[in-house]
Amino acid sequence: MYNELEFKSGQELIQEYTPLVKRIAHHLMARLPASVVLDDLIQSGMIGLLEAARRYDASKGASFETFAGIRIRGAIIDEVRRGDWTPRSVHRNARRVSDAINQIEHRTGRDASDAEVAAELQVSMTDYHALLQDSVDSRLFSYDQLTESSDESPGDQFEAADPGPGLQHEDGGFRQALADAIGRLPERERLVLSLYYDEELNLKEIGQVLGVSESRVSQIHSQAALRLRGRLKDWR
């Protein structure tokens, strides 16, 4: 099998895959504050596309579009991380919510409800939902960051380009643990993640499916992420 990209100029590559870059940038933009400029995300994504073309090896089986999608997302998220806009207090509050969910579920042996988490944090339901909104607005949710304990930054979003066997084994084990944890989420949270990450619907579209507001979808998404983070906290 040969690398078909060797027969395309950089300009042809850009023309053919710019729609992919824009689609990914728009999808990620939906999770970011209004202060983030879409054109900056697209520019970073184009750099990821060119890097993908340089590194792609067709003999490994993955299609170029699949490989490029990972590189484009990684380049965009790296750019966002370099300019982390999130106050440390937001990271701390996200960890407080995650810890509260984890403590309730360990005590009760079942999913923690919104009201229980608010009571555990000693805040009103309105304030609790505001904490969830801050969390989802402040960071790109990535499955790979769920075990992270730092409140300094969103953390690494993608695995290294060439992980060693030990890292590959650990990553595979984590992904299985994550899949199991997602399968045990409350039905609505599981549905929101599926519609968002698998079906690639935006928050407004998911709200229409569920019959709730876009802000409520954001809160459900954030709570799912923080619930997973709590459940995977001790994974090793």
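No hydrogens, no waters, no symmetry mates; every other heavy atom, side chains included, goes into these values. In this text, all values refer to a predicted model and were calculated from it rather than measured experimentally.
Of the charged side-chain nitrogens involved, at least one lies within less than 4.0 Å of a carboxylate oxygen, so that Arg110 and Glu116 count as a salt-bridged pair. We find that Glu120 and Arg107 are joined by a salt bridge, their nearest charged nitrogen and carboxylate oxygen being less than 4.0 Å apart. Looking at Arg190 and Glu187, no side-chain N of the basic residue comes within less than 4.0 Å of a carboxylate O on the acidic one, giving no salt bridge. Salt-bridge formation is detected for the pair Arg23/Glu65: a Lys NZ or Arg NE/NH1/NH2 atom is positioned less than 4.0 Å from an Asp or Glu carboxylate oxygen. Here Asp111 pairs with Arg231 in a salt bridge; the nearest charged N to carboxylate O distance falls below 4.0 Å.
By the 4.5 Å heavy-atom criterion applied to side chains, Asp127 and Leu121 are not counted as neighbours. Inter-residue side-chain proximity for Val21 and Ile14 is flagged as unmet; no heavy-atom pair is nearer than 4.5 Å. At least one side-chain heavy atom of Asp114 sits under 4.5 Å from a side-chain heavy atom of His129. Glu199 is not listed as a side-chain neighbour of Ile206, based on a closest heavy-atom distance of 4.5 Å or more. Looking at heavy atoms from C-beta onward, Leu195 lies out of side-chain contact with Glu205 at the 4.5 angstrom threshold. Between Tyr56 and Arg71, the closest side-chain pair of non-hydrogen atoms is not below 4.5 Å. Side-chain contact check for Glu214 versus Val217: every heavy-atom pair is 4.5 Å or farther apart. Here the side chains of Leu13 and Phe64 are in contact, with some heavy-atom distance below 4.5 Å.
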Kindly determine whether Val212 and Gln219 satisfy side-chain contact (heavy atoms from CB on, under 4.5 Å), including the steps that lead there. CA-CA 11 Å; Val212 299; Gln219 293 163 6; over 6 Å; no

Evaluate side-chain contact (heavy atoms from CB on, under 4.5 Å) for Leu191 paired with Ile220, printing each intermediate quantity in order. CA-CA 10 Å; Leu191 179 58; Ile220 295 169; over 6 Å; no

I'd like to know whether Asp180 forms a side-chain hydrogen bond (donor to acceptor under 3.5 Å, both in side chains) with Gln176, so could you lay out the CA-CA distance, the side-chain angles of the two residues, the decisive distance to 0.1 Å, and finally the verdict. CA-CA 6 Å; Asp180 293 342; Gln176 184 57 54; 3.0 Å; yes

Could you go through Leu226 and Leu132, starting from their C-alpha distance and side-chain angles, then the distance that decides it, and tell me whether this counts as side-chain contact (heavy atoms from CB on, under 4.5 Å)? CA-CA 9 Å; Leu226 294 173; Leu132 292 178; 4.0 Å; yes

Let me see the working for Thr126 and Ser124 under side-chain hydrogen bond (donor to acceptor under 3.5 Å, both in side chains), right down to the final yes or no. CA-CA 5 Å; Thr126 299; Ser124 68; 4.6 Å; no

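Between the side chain of Ser98 and the backbone N or O of Ala94 there is no donor-acceptor pair closer than 3.5 Å. Of the possible polar contacts, none joining the Glu189 side chain to the Pro186 backbone as a donor-acceptor pair under 3.5 Å is found. Side-chain N or O atoms of Arg227 include one that pairs as donor or acceptor with a backbone N or O of Ala112 at under 3.5 Å.
Between Ala118 and Met125, the shortest heavy-atom distance links the atoms CB-SD, 3.9 Å.
Taking the six-membered ring where tryptophan is involved, the planes of Tyr196 and His221 are perpendicular, since the angle between them exceeds 60° and thus also 30°.
In Gln43, the CD atom is not crowded: 12 or fewer heavy atoms of neighbouring residues, nucleotides or ligands sit closer than 6.0 Å.
No side-chain donor from either of His26 and Asn202 sits under 3.5 Å from a side-chain acceptor of the other.
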